[in-house]
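Remarks on the structure that follows.
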Number of protein chains: 2
Amino acid sequence: MSQQRHGSTPGEADGVPAFPDLPEATIARLPEYLRALHHLAETGAETVSSEGLAAAAGVNSAKLRKDLSHLGSYGTRGVGYDVALLVDQIEYILGLDKNRAVCLVGVGNLGHALAGYAGFASRGFRVVALFDADPKKVGEQINGLTVQHTDDLERVAAEESIAIGVIATPPGTAQAVADALVAAGVTSILNFAPGVLSVPSNVDVRKVDLAIELQILSFHEHRKASLTALPGGRSAPPANGGQEAVGS
Amino acid sequence: MSQQRHGSTPGEADGVPAFPDLPEATIARLPEYLRALHHLAETGAETVSSEGLAAAAGVNSAKLRKDLSHLGSYGTRGVGYDVALLVDQIEYILGLDKNRAVCLVGVGNLGHALAGYAGFASRGFRVVALFDADPKKVGEQINGLTVQHTDDLERVAAEESIAIGVIATPPGTAQAVADALVAAGVTSILNFAPGVLSVPSNVDVRKVDLAIELQILSFHEHRKASLTALPGGRSAPPANGGQEAVGS
DNA sequence: CGCGATTTGTGCACGCCTTCACAAGCGCCT
DNA sequence: AGGCGCTTGTGAAGGCGTGCACAAATCGCG
């Protein structure tokens, strides 16, 4: 699936890809739609209604329609959206047809798991290099790749024309690694280390902090606990229909 | 540091903790402030200005002041914020003084790493139970804990009064695990499995999808690539002061 | 060929969040 | 004691995102 250009590729009216500037919120949801669409495609569905796809992606149907309308008009009124076509569109917009090269820095507890994470490869990302500052880890084989020393990061990353760097080092070394990645020409960074990274404005950084997620949940636990003790607070309603309401 | 109640604990005017309802956006930033504050405390700082703390947390100083003002007035004009006091305040609001029990379901590639992730324990979360559906994994020792079978999840989770459940299973079993967690009384779930979870409305779910993060970065790569080819597009400005601009 | 059922695409209003700009408050120095 | 500089806390404005509600468009059927 998702192999050749269809008649008119969305943004290439004239060889120059006129890029629709999508709202950030929309961009963040496109991968979710894509996952739902792949799932639908596996079940053999040819078309989906906005209602159906919205349910599968866990969002409001109006929001979904507005999101997709930003990509252009790829639905048919009275029918719905062509699943295969929409998959191609979203993959094109997200640049997933490029099979981007990813490198991973820091092969510790978390990094080791990320190196073997199947979810990356299955969605078009190739982990092509692993780095670590610990000499004991250098040379180790993980998932068919040899761990290299971070001193070689800049050279190797430039050679392999790596687009995305993943930082899974301890907080103290994250900034130095980011600097090396930037120096090697990497313009997108996924950072698992707690703390703020300083990078040039043309570099995109996304941060994932697992402890922060737990802390946010902890807040809601705290809030819920104090609500149950409060006059107006409904104290743990056990049976409420059962479904719906997905956090954040 | 950060041991006893100070004079008037923020929300306990009358034994009943009146909970300030903070904006979601603020809640999501509090952990970041907390981390920055801990860092400052280690360097021996007594007080911080909003400007200083904002820089350390990577946000706008006005935003930080507004966020903190929601907790109450804990700054001193002309001086700044008392670091130790603010740490206590935020930890109280986030409910981190409760030392919450966490269980982890799915001890695969990612789950194994999460079980050993130091960042959890260091920030007040105790992983007290591990589960997996694979009989070969049951009984395995990880980080001092024995992996138990998911059939026992509901019973054990209820016994240990677990507040937060972490799902790191394959997508197919995530919903069943969520159902079991809910049945055991867990009201907060951190989900690493792709897909949408259906839970009662009193349960909070936060989702972390590593592939989605990469896809969002891929989009920006795609966008940047097409911008450089475009007339108005500034093509890779290499030297731009050097700092600032942290993505999302 | 026309009509009704269905579903998309979107104008509009509302609410949340961010950012600016500044008054109010606090400490220090003279 | 008084004034000055610094910093917080907040009113107001602007922007972004969401969701409703409906017009426009398409298909199928009689």
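A note on names: the letters A, B, ... follow the listed sequences, proteins ahead of strands, and every chain is numbered from 1.
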Rounded to the Å, how far apart are [X] [atom1] and [N] [atom2]?
X	N	atom1	atom2	result
B/K63	C/dC16	NZ	C1'	13 Å
B/H70	D/dT8	NE2	P	16 Å
B/L22	C/dC16	CG	P	14 Å
B/D21	C/dG15	CG	C1'	14 Å
B/D67	C/dT18	CG	P	7 Å
B/L85	D/dT8	CG	P	14 Å
B/L64	D/dT7	CG	P	14 Å
A/E24	D/dC16	CD	C1'	12 Å

Under 4.5 Å between any side-chain heavy atoms of [X] and [Y], yes or no?
X	Y	value
A/I93	A/L22	yes
A/L34	A/E91	yes
B/E221	B/L217	no
B/N191	B/R206	no

If the condition is side chain to side chain contact (heavy atoms under 4.5 Å, CB included), which residues does [X] pass it with, not counting sequence neighbours?
X	result
A/P23	A/T26, A/H70
A/F192	A/L110, A/L114, A/V166, A/L190, A/V208, B/L210
B/A54	B/V59, B/S61, B/L64
B/S218	A/L96, A/R100, A/F125

Original post:
Got a sec? Which of residues 28-35 of chain A come in under 4.0 Å of DNA chain D, heavy atoms?
Top reply: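 Within residues 28-35 of chain A, the residues near DNA chain D are A/R29.
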
Interatomic distance, [X] atom [atom1] to [Y] atom [atom2] [nearest 0.5 angstrom]:
X	Y	atom1	atom2	result
B/L53	B/L86	CG	CG	7.0 Å
B/N202	B/T187	CG	OG1	7.0 Å
A/L94	A/R123	CG	CZ	11.0 Å
B/K98	B/Y92	NZ	OH	6.5 Å

**OP:** Pull out every residue in residues 44-52 of chain A that has a heavy atom closer than 4.0 Å to any atom of DNA chain C, ordered by number, or say none.
**Re:**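 Heavy-atom cutoff 4.0 Å gives A/V48, A/S49, A/S50.
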
Original post:
If you look only at pairs with a residue in residues 31-59 of chain A, which of them pass as a salt bridge (Lys or Arg N to Asp or Glu O under 4.0 Å), with sequence neighbours excluded?
Top reply: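 Every pair satisfying salt bridge (Lys or Arg N to Asp or Glu O under 4.0 Å) with a residue in residues 31-59 of chain A: A/E32-A/R35, A/E32-B/K207.
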
Original post:
Can you list every salt bridge (Lys or Arg N to Asp or Glu O under 4.0 Å) pair that touches residues 60-73 of chain A, not counting sequence neighbours?
Top reply: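 Listed once each, the pairs are A/R29-A/D67.
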
Original post:
With the sugar-phosphate defined as primed atoms, P, OP1 and OP2, and the base as all remaining atoms, what B/S/- string results for nucleotides 23-30 of chain C, 5' to 3', for protein heavy atoms under 4.0 Å?
Top reply: -BBBS---

**OP:** Report yes or no: does A/T76 contribute a side-chain atom to a donor-acceptor pair with the main-chain N or O of A/V79 at less than 3.5 Å?
**Re:**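 Not at all, since once roles are kept as given, no pair shorter than 3.5 Å links the two residues.
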
For nucleotides 10-14 of chain D, print each protein N/O atom paired with a nucleotide N/O atom at under 3.5 Å, atom names and distance only.
| residue | atom | partner | partner atom | Å |
| --- | --- | --- | --- | --- |
| D/dG11 | O6 | B/K66 | NZ | 3.2 |
| D/dA12 | N6 | B/K66 | NZ | 3.0 |

Write out a two-atom table: protein N or O, nucleotide N or O from nucleotides 28-30 of chain D, distance below 3.5 Å.
none

**OP:** Please determine if a side-chain N or O atom of B/Y81 lies less than 4.0 Å away from the OP1 or OP2 oxygen of D/dG9.
**Re:**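 Yes, such a contact exists.
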
Original post:
Between A/N60 and D/dC20, is there a side-chain N or O to OP1/OP2 distance below 4.0 Å?
Top reply: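 Yes, within the criterion.
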
Original post:
What residues, two or more places apart in sequence or in another chain, satisfy ring pair (Phe, Tyr, Trp, His ring centres under 6.0 Å) together with A/Y81?
Top reply: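 So A/Y81 forms no ring pair (Phe, Tyr, Trp, His ring centres under 6.0 Å) with any residue.
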
